[in-house]
Amino acid sequence: MFRMEECPDQKPKIYDRSSKIITDFFCFEREADFFVFSEATNHSSTSSNLQMSQRGVWQLQKLIVSYCNWGGSSRGVRAFMESQLSSFKETNPQLEVVTELNRGQHPYLKGLYKNKNEQVVSVMNMTPEDVMLCATRLRNSLGRKVVKLKTRHVTKHPSVQGTWTTNIQI
Amino acid sequence: MNKKEVFKLAKGFRGRAKNCIRIARERVEKALQYSYRDRRNKKRDMRSLWIERINAGTRIHGVNYGNFMHGLVKENIQLNRKVLSELSMHEPYSFKALVDVSHTAFPGNKNMTSAPKKEGLAILV
């Protein structure tokens, strides 16, 4: 069985649930975050709120904002960089945010996580608010792949008394 | 754009059903119907799987599924079949305790054949 652990001091931001895309991703994130394994212990810990970091440690190390200064698909990202990027940096001092000029290509956000996983999200033709949402999602998630969980319970030790075999004498 | 969605759903299908729109459309429709039906069937299948497992677990101790469940009901033990099947797989001693509880509450109408005894070389297995 798994124990619940309280979410550390950084409270997760409440998303606007009116957009369907956000809700879907929200659900995935929730499932992926829901049962979290740390290498040290065998118990998974979740909180009654959503868990955004693993045991009080933010998982996103670096965020790369790649944009083009000529293309029209980057307009939103450029506006985001002028207006909201600095506030995003201030609210997340642990995060290393880099802007990268990539001329002639569509813009994307690349997140590099502690489990050496990188998550690339295309922000082509998105409004600055949407880009902010994407960046926040990347910051909140663990680096896990977004897959549907096969079983509801995830455990390294399914048995306390020892799984039944034909050799057991009771 | 509907074609694009159809082909997206037709990934992994056999032969022309994943490449040719006319065939893919039919198979995708059928696949969606099957998945609708099977979401309901899955619940039934899982329950029967649990019951099979509980049956196997109890027969080791000489009790059959029906008598076992009746005994549990009499003792007001409200564990469901899912949990019971997990116990029978992974916690054999706890499960034996449950079987004993049920057996004292309801020994059964007929004399159940006792747990199969191993003779000869089968003892080694």
Side-chain angles (χ1 to χ4, degrees), chain A residues 1-4 19-32 34-37 41-46 72-73 106 108 119-127 130 134 144-170, chain B residues 1 5 8-9 11-12 35 38-39 42-43 45-47 49-63 65 68 79-104 112 114-125:
Chain A
M1 294 296 150
F2 44 86
R3 273 188 266 110
M4 304 297 234
S19 162
K20 184 175 188 285
I21 308 167
I22 297 174
T23 331
D24 283 345
F25 203 91
F26 201 59
C27 294
F28 270 127
E29 253 189 356
R30 192 171 192 159
E31 293 200 56
F34 220 61
F35 300 98
V36 167
F37 270 113
T41 73
N42 307 318
H43 295 293
S44 54
S45 46
T46 69
S73 54
H106 291 302
Y108 59 84
Q119 175 82 351
V120 179
V121 178
S122 164
V123 292
M124 177 174 103
N125 291 326
M126 283 177 126
T127 60
D130 285 342
C134 279
R144 308 178 87 200
K145 275 188 178 289
V146 180
V147 262
K148 195 171 166 190
L149 291 178
K150 301 282 182 207
T151 53
R152 288 185 161 198
H153 48 287
V154 184
T155 169
K156 282 186 181 172
H157 297 275
S159 173
V160 172
Q161 297 170 2
T163 313
W164 183 87
T165 61
T166 45
N167 300 331
I168 283 189
Q169 307 296 329
I170 303 186
Chain B
M1 282 304 117
E5 287 164 14
K8 193 163 169 209
L9 288 168
K11 281 192 194 264
S35 74
D38 288 331
R39 277 195 293 278
K42 186 175 174 183
K43 300 159 182 38
D45 293 340
M46 292 305 280
R47 183 164 163 136
L49 176 68
W50 299 330
I51 291 177
E52 273 182 44
R53 287 182 173 167
I54 298 171
N55 212 344
T58 58
R59 278 171 199 257
I60 296 172
H61 304 297
V63 172
Y65 169 81
F68 174 65
L79 293 172
N80 60 2
R81 283 141 186 88
K82 176 163 112 181
V83 160
L84 284 171
S85 72
E86 301 252 331
L87 288 177
S88 74
M89 286 197 291
H90 293 299
E91 323 286 345
Y93 300 100
S94 308
F95 194 67
K96 165 101 170 93
L98 275 172
V99 167
D100 290 338
V101 164
S102 165
H103 195 68
T104 48
M112 169 76 181
S114 55
K117 290 210 174 68
K118 296 189 172 180
E119 286 163 5
L121 284 174
I123 301 176
L124 296 171
V125 172

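Here the structure is a predicted model, which means the values were calculated and not measured. Order of the sequence lines fixes the chain letters, A, B, ..., with proteins taken first and strands second; residue numbering starts at 1 for each chain.
Nearest heavy-atom pair across B:H90 and A:S159 is O-OG, 2.6 Å. Scanning both residues, A:G162 and B:P92, for their nearest heavy atoms gives O-CD, 3.1 Å.
Judged by distance alone, with hydrogens and angles left aside, the side-chain atoms of A:Q161 form a donor-acceptor pair with the main-chain N or O of B:S94 at under 3.5 Å.
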Intermediate values then yes/no, side chain to side chain contact (heavy atoms under 4.5 Å, CB included), A:W164 and B:I60 = CA-CA 11 Å; A:W164 183 87; B:I60 296 172; 3.6 Å; yes
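Residues from residues 79-88 of chain B that place a non-hydrogen atom less than 4.5 Å from a non-hydrogen atom of chain A comprise B:E86, B:S88, given in numerical order.
Rounding to the nearest 0.5 Å places CD1 of A:I170 at 4.5 Å from NE2 of B:H61.
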